[in-house]
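Below: the structure, in C-alpha cells.
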There are 2 protein chains.
Amino acid sequence: MELDERKAKILKSIIRNYLETGEPVGSRTISKDDELNLSSATIRNEMADLEEMGLIMQPHTSAGRIPTDKGYRLYVDELMEEERRESKEERNMLIERVDKLETLLTNLAKMLAANTNYTTLVSAPQTSKNKLRFLQLSKVDENSVLAVIMLEGNMVKNTIIKTENVIDEQIVLKLNLLLNSFLTGLSIEDINLGLMTKLKAEAGEYSTVVEELLGAISQMLIDSAPQIYTSGATNIFKYPELTEGEKASELINAFEEKEALNELVTTSMQNKNENEIQIYIGNESPVQSMKDCSVVTASYELGEGMTGVIGIVGPKRMDYEKVVGTLRDLMHQLDTIYKNK
Amino acid sequence: MELDERKAKILKSIIRNYLETGEPVGSRTISKDDELNLSSATIRNEMADLEEMGLIMQPHTSAGRIPTDKGYRLYVDELMEEERRESKEERNMLIERVDKLETLLTNLAKMLAANTNYTTLVSAPQTSKNKLRFLQLSKVDENSVLAVIMLEGNMVKNTIIKTENVIDEQIVLKLNLLLNSFLTGLSIEDINLGLMTKLKAEAGEYSTVVEELLGAISQMLIDSAPQIYTSGATNIFKYPELTEGEKASELINAFEEKEALNELVTTSMQNKNENEIQIYIGNESPVQSMKDCSVVTASYELGEGMTGVIGIVGPKRMDYEKVVGTLRDLMHQLDTIYKNK
DNA sequence: GTTAGCACTCCATAGTCTTGAGTGCTAACA
DNA sequence: TGTTAGCACTCAAGACTATGGAGTGCTAAC
C-alpha cells in the first residue's frame with residue numbers, strides 16, 4: 001500500500017493533534033477540524049490503512065490512534081513544515097557574546113530549556129581538537145606546578161602537576177617560555193612524537209620534567225570527557241508518559257551522571273553531516289534510558305575545530321517543528337556572532 | 001503529663017520501627033518485638049498518652065501511629081544512641097588526599113550519597129575568607145587579561161578581565177609582581193582601603209588598571225556564590241513519601257538550581273557551634289521545598305577560615321543514627337588528613 | 001496497674017455497573 | 001467506485017459497593 005496525498009494529510013493531522021493533546025485522536029476529531037471535508041467513516045477507513053502500514057496504532061481497541069515511531073519518523077522526514085520561524089525579536093533567545101565559553105554554554109542550556117520546556121544539554125567543544133592559545137605554569141611548591149591552559153574560544157583549563165624533580169621559579173620560567181614557543185597554536189592532536197623529541201632535546205636536563213608536564217596536559221585535555229552542561233531536568237515531569245514507573249528516575253539519573261550523555265554527544269558528532277540537525281525517535285536514541293524520548297541534536301561550530309553538540313530531550317510527542325526551528329535559529333545566531341568577532 | 005522511662009522506651013521502639021518500615025506501627029508490633037514485656041492493651045494506653053503529648057499521631061483512625069515532627073525532635077535530641085560506629089575499615093568511605101579541592105568535594109558528595117542512599121550536597125569553602133596563595137596574570141589580547149588565582153587548599157579560580165587601557169606583556173609582568181607582593185597570604189576580607197591606596201600609588205600610571213583588576217578579582221571571589229556539589233538526587237525516588245504529587249519535581253529542581261541550597265548552606269554556617277552537627281526536621285528546614293524532608297548538616301574545616309558545609313537530605317524517617325555517625329566519622333577523617341598534611 | 005475481650009472504625013482491595021469514546025462493518029447512495 | 005450513515009460492539013475509566021483486616025478505645029476482670 002502506498003501513501004497517497006490524502007493519507008499523508010490525515011496522518012499529519014493525527015500527529016499534529018496528538019502532539020498538542022497527548023491523547024489518542026479519533027476519526028471524528030479529524031473529520032471536523034480539517035480542511036479535507038470527509039466524514040468520520042471515511043477517515044476511519046483511511047486510518048485502518050495507516051495502521052496496516054504501521055504508521056499509527058491504537059493503545060487499545062476502541063481508543064483513538066497514536067503515531068508509532070515509524071509514523072513520527074515519516075512525519076519528521078517528510079511531512080513536517082519547518083521554518084514557521086518567528087522573527088528573531090519575538091524569540092527572545094538572543095545570545096550575548098560572553099567572554100568565558102563556560103558561561104556562554106551554561107546560559108545557552110538554560111535559555112533553551114526555558115524556551116522549549118524540554119531538557120537540554122550542551123557539550124563543550126572537544127578539547128583535543130582545540131588549539132592552544134597559551135599556557136602558563138606557576139610554581140605551587142617544590143614538587144608541584146599549576147598548569148593553566150587557555151584554548152581557542154577562551155576556554156580555560158587547569159591542573160596541578162606533581163613532578164619528580166624539585167623545581168624552582170627559574171625553571172618554571174624557562175619551561176614556560178619553552179613550552180609556549182613550541183606549543184602555541186597547536187592542538188593536542190598536532191603534538192606528535194617528532195615534536196616531543198625536539199622539545200625534550202631543547203629542554204636538556206629538564207627533559208623528564210617536560211615529559212611529565214606534557215603527559216599531564218594531554219591527560220587533562222583528552223581524558224576529561226568533554227564537559228556537558230544541562231538544564232531543565234525537571235521539565236520531564238511535565239510529560240506524564242515520561243514519569244510513570246521508573247522512567248523519571250532513570251532519565252534524571254542520566255542527566256545527573258552525564259556518562260550516558262557523553263555517549264549521546266559522541267554519536268551525534270559522528271553522525272553529523274554539514275550543519276544538519278539530527279532527530280532520534282524512541283529506540284533510535286543511542287542512550288538506552290531515553291528509549292521513550294525523542295532527542296534532537298545539532299552540532300555547533302565556534303571556529304576551526306571547535307565543535308560541540310546541543311541536544312534537546314523530550315517526549316516523543318515533542319514539538320519537532322519548534323525545536324528544529326529554534327535550534328536552526330540558534331546555530332545561525334552563534335554563527336553570525338562568532339564569525340564576526 | 002511527663003515522659004517517664006517506659007513511655008520513652010515505647011516511643012523509641014515506635015520510631016525505630018517506623019524508620020525501618022515506613023509503615024504506621026501498631027500496638028501489637030511493639031508488644032511483641034520489645035524487651036519490655038507488656039500486652040498490646042497496655043501499649044495502647046501508653047500510646048494514647050504519647051499521642052496526647054503530641055509525639056506521635058495516627059494518619060487516620062484505626063491505623064498505627066507514626067512519629068510527629070516533635071516526636072522526631074525528641075528522638076534525635078535525647079533518645080537516639082549515636083556511635084554505634086562501625087570500624088573505619090568497614091565503612092569504606094576512606095577519603096584519599098586529592099590535590100584539587102574540587103575533585104575532593106565532588107568525590108565526597110558521591111561517596112556519601114552512595115553510602116547513605118540519601119541526597120547529598122557539599123559546599124566549597126567560602127572564597128571570601130580564603131587566603132590567596134598566589135595570583136597569575138596573563139595577557140590574552142590588547143584589552144583583556146586572564147587572572148588565575150590559587151587559594152589556600154589548592155582551589156583554583158580564573159576570570160577574564162577587560163581593561164580600558166591597552167596593555168602589553170611588560171605591564172602584565174610588572175603588575176603580576178606588584179599584586180603578588182601585596183596580596184599573597186591575604187584573604188579578600190583583608191584587603192582594605194588603605195592597602196588599596198598604597199597599591200595604587202605603587203602602580204603609578206597603571207593605577208586604573210590595578211583598580212579594574214582588583215574589582216574583577218573581588219567580584220569573582222565574593223559574588224560567585226560558593227560552588228555546591230551534589231550527588232544522589234535520584235535517591236529521593238526510593239522514598240515514596242517524597243515522590244508523591246509535585247514533591248519530587250520540587251526537590252530535584254532545588255538540587256538542580258542550587259539557589260535554595262545556598263540558603264541552606266548559609267543558615268547552617270550561621271547556626272553552627274563548634275564541631276556540631278545540625279538536624280533540621282520537616283518545617284525546621286530553612287528551605288521551603290524540603291519541608292517534607294529532614295536535613296542533616298555538618299560544617300567542615302580544612303584549615304584556617306576554610307569552612308564549608310556538608311548536607312544530607314532525606315525523608316523524615318531517615319536513619320539519623322547512621323547519618324550522624326557517618327558525618328562525624330567523615331569530619332574526623334577530614335581533620336586527621338588535613339591537619340597532618 | 002495490667003490484661004483479655006469486644007465492638008467499632010476505616011483503609012485497601014476487589015468486584016460490579018455505567019458511561020462514553022471510538023471502532024469496524026455493512027448497506028445505501030452519488 | 002469512493003463516500004457516507006447507521007449500528008452493534010469493545011474497552012477504559014470512573015462511580016459505587018461489598019468484604020476483610022489491621023488497629024483502636026473502652027470496659028470489666030484479674
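We name chains A, B, ... by the order of the sequence lines, and we start the count at 1 in each one. Computed over heavy atoms, backbone and side chain alike; hydrogens, waters and symmetry mates excluded.
A donor-acceptor contact under 3.5 Å is formed by the side chain of B:R44 with the base of C:dG5.
The separation between A:M47 atom CE and D:dT3 atom P is 16 Å, rounded to whole Å. Regarding B:M57, its CE atom lies at a distance of 15 Å from the C1' atom of D:dT24, rounded to whole Å. Remark: P of D:dG23 and OH of B:Y18 are 14 Å apart, rounded to the nearest angstrom. Summarising the geometry, the separation between CD on A:Q58 and P on D:dC9 is reported as 18 Å, rounded to the nearest angstrom. Rounded to whole angstrom, the span from the CG atom of B:N37 across to the P atom of C:dT3 amounts to 8 Å. For the pair B:I10 CD1 and C:dT2 P, the interatomic distance rounds to 10 Å; values are reported in whole Å. As rounded to whole Å, 14 Å separates atom C1' of D:dG25 from atom CD1 of B:I56. Summarising the geometry, the separation between CD on B:E52 and P on D:dT24 is reported as 16 Å, rounded to the nearest angstrom.
Side-chain contact check for A:E321 versus A:Y75: some heavy-atom pair is nearer than 4.5 Å.
Checking C:dT9, C:dG22, D:dT24 against every side-chain atom of B:S62, the shortest atom distance belongs to C:dT9. Closest contact between the side chain of A:T42 and the listed nucleotides D:dG25, D:dT3, C:dA21 involves D:dT3. Residue A:S39 has its side chain nearest to D:dA5 when only D:dA5, D:dT24, D:dC11 are considered. Of all nucleotides listed (D:dA12, D:dA5, D:dC26), D:dA12 comes nearest to the side chain of A:H60. When distances run from any side-chain atom of B:R6 to the nucleotides C:dC25, D:dG25, C:dT2, the shortest one goes to C:dT2. With C:dG24, C:dT3, D:dC11 as the candidates, the nucleotide lying closest to the side chain of B:N45 is C:dT3. With C:dC10, D:dC7, C:dA4 as the candidates, the nucleotide lying closest to the side chain of B:A41 is C:dA4.
Dashed line: the shortest gap from a side-chain N or O of A:R65 to OP1 or OP2 of C:dG24 is under 4.0 Å. For A:T61 and D:dC9, the shortest distance from a side-chain N or O to OP1 or OP2 is not below 4.0 Å.
Look at C:dC17: its Watson-Crick or wobble partner, with both distances under 3.5 angstrom, is D:dG14. For D:dA29, the paired base is C:dT2 (Watson-Crick or G-U wobble, both distances below 3.5 Å).
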Would you sort out whether A:R73 and A:E284 count as a salt bridge (charged side-chain N to carboxylate O under 4.0 Å, His left out), showing the intermediate values? CA-CA 10 Å; A:R73 171 66 30 212; A:E284 298 170 5; 2.6 Å; yes
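A tilted orientation is assigned to the rings of A:Y18 and A:Y72, their planes being inclined by 30° to 60°.
Looking at heavy-atom distances under 4.0 Å, A:S40 makes no contact with the nucleic acid at all.
For the pair A:G26 and B:E46, nearest-nucleotide mapping onto DNA chain C gives the more 5' position to B:E46.
Summarising the geometry of B:M80 relative to B:V324, their closest heavy-atom pair is CE-CG2, 4.0 Å, with the distance given to 0.1 Å. Nearest heavy atom pair, residue B:L327 against residue B:A298, reads CD1-CB, 4.2 Å.
Each of B:K9, B:R6, B:R65 was scored for a salt bridge (Lys or Arg N to Asp or Glu O under 4.0 Å) with B:E46, with one residue passing: B:R6.
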